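To keep things clear, I will list the structure first and then write my remarks on it.
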Amino acid sequence: MLETWEELNIENVAGWVASATMIFGGVVPFIPQCREIKRKGDTEGFSLYVCLTLLIANTLRILFWFGRHFELPLLFQSILMIATMFFMIRVCVNIRSKQQITKQKDRVFTDFDTKFFWKWTDFQSYVDFMLLFAFVGTVMMYLLIDIPIFVESIGLLALLTEAMLGLPQFIRNFINKSTEGMSIAMVIMWTMGDTFKTCYFIQRSAPVQFQICGVLQILIDLTILAQVHLYRNNILLIRSSGRID
């Protein structure tokens, strides 16, 4: 009986630890990236489209929860991730504002100029866009919540969007032919977190959308790590040029 009780306690502790890791583990990789941005006073190496991807994905995941309840830690993770992404956006917007030598025209969401989508100069515009997106999504979920294929499609879209998390960073690295300014620690943590997360999904029998997209995320993470190796000489050249100047 004592052994059984101890086994149950160990399982409970392990379950709490796994749940806490799921909730907080997703935001940890952004700590080194945020510190890197503040240290350099430059946002060049970080793509704000990473924030857009995670905001869209986690908003859709929350809507999916109302149509098909999944584990609460995954829901809490989405709420915390949304708050973290808004914090990252605020940091980047403030630093970009300080970088301006001459005052440029403000670009805001209410201009409805597609050329400057997600390139706005004020933090409130990012909040306004996500509020509008969440409102439209909530209305659609309310009206169509009894249609299983719609609910499942929202879940799949949420997880596919999240699986594309690293894609904006990959594209930015590819265009620049460099990973300078990107926190390698962030990507390593992404990879470790996504591996843990995928195992968690499989072990907890989460909806199949979670499992498939978890594997896809790991593959994209590994591709970005490959860029670090591929462009390592370019980084050295950039840093050497900086020293010469």
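It should be emphasised that the depicted structure is a prediction, and the values quoted were computed from it without experimental measurement.
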Going by the rule side chain to side chain contact (heavy atoms under 4.5 Å, CB included), which residues pair with Asp111 if we only count those two or more places apart in sequence or in a different chain? Val108, Asp113
d(Phe170 CZ, Thr223 OG1) to nearest 0.5 Å is 6.5 Å
Between Ile95 and Lys40, does a side chain to side chain contact (heavy atoms under 4.5 Å, CB included) hold up when you go through it step by step? CA-CA 10 Å; Ile95 288 179; Lys40 291 188 173 182; over 6 Å; no
Are any side-chain N or O atoms of Gln217 and backbone N or O atoms of Glu162, one a donor and one an acceptor, separated by less than 3.5 Å? yes
Which value, rounded to the nearest 0.5 Å, describes the distance between Leu222 atom CG and Thr195 atom OG1? 7.0 Å
Side chain to side chain contact (heavy atoms under 4.5 Å, CB included) for Met140 and Phe150? Distances and angles first, verdict last. CA-CA 10 Å; Met140 292 182 64; Phe150 173 78; 4.0 Å; yes
Can you establish whether the number of heavy atoms outside Phe112 located under 6.0 Å from its atom CZ is more than 12? yes
State the CD1-CH2 distance between Ile89 and Trp118, to the nearest 0.5 angstrom. 4.0 Å
Spell out, as yes or no, whether a donor-acceptor pair under 3.5 Å connects the side chain of Ser97 to the backbone of Val93. no
Does the side chain of Asp122 pick up a donor-acceptor pair with the side chain of Ser125 at under 3.5 Å? yes
Please tell me if the side chains of Val50 and Ser47 come closer than 4.5 Å, counting only heavy atoms from C-beta onward. yes
To the nearest 0.5 Å, atom CZ of Phe116 lies from atom CG of Asp106 at 11.5 Å
Closest non-hydrogen atom pair between Asn173 and Tyr231, with its separation: O-CE1, 3.5 Å
Parallel, tilted or perpendicular: ring planes of Trp120 versus Phe117, cut at 30 and 60 degrees: perpendicular
Can you tell if the side chain of Leu55 reaches within under 4.5 Å of the side chain of Phe86, non-hydrogen atoms only? yes
When rounded to the nearest 0.5 angstrom, what distance separates CE in Met189 from CD in Gln33? 11.5 Å
For Phe87, does the CZ atom have more than 12 heavy-atom neighbours from other residues, nucleotides or ligands under 6.0 Å away? no
Phe174 backbone acceptor or donor facing Lys177 side chain under 3.5 Å: yes
Check whether any side-chain heavy atom of Gln227 sits under 4.5 Å from a side-chain heavy atom of Ile224, and report yes or no. yes
Student check: side-chain heavy atoms of Leu143 and Val139 closer than 4.5 Å: yes
Could you tell me if the side chain of Tyr49 sits less than 4.5 Å from the side chain of Lys119, heavy atoms only? yes
Could you tell me if the side chain of Gln77 sits less than 4.5 Å from the side chain of Arg61, heavy atoms only? yes
Below 4.5 Å, heavy atoms only, C-beta onward: do Leu132 and Asp128 meet side chain to side chain? no
Compare all side-chain heavy atoms of Leu80 with those of Asn58 and state whether any distance is below 4.5 angstrom. no
Any chance you could measure Asn94, atom CG, to Lys38, atom NZ, to the nearest 0.5 Å? 9.5 Å
Assess whether side chain to side chain contact (heavy atoms under 4.5 Å, CB included) is satisfied between Trp65 and Leu74, documenting all intermediate values. CA-CA 9 Å; Trp65 184 86; Leu74 299 179; over 6 Å; no
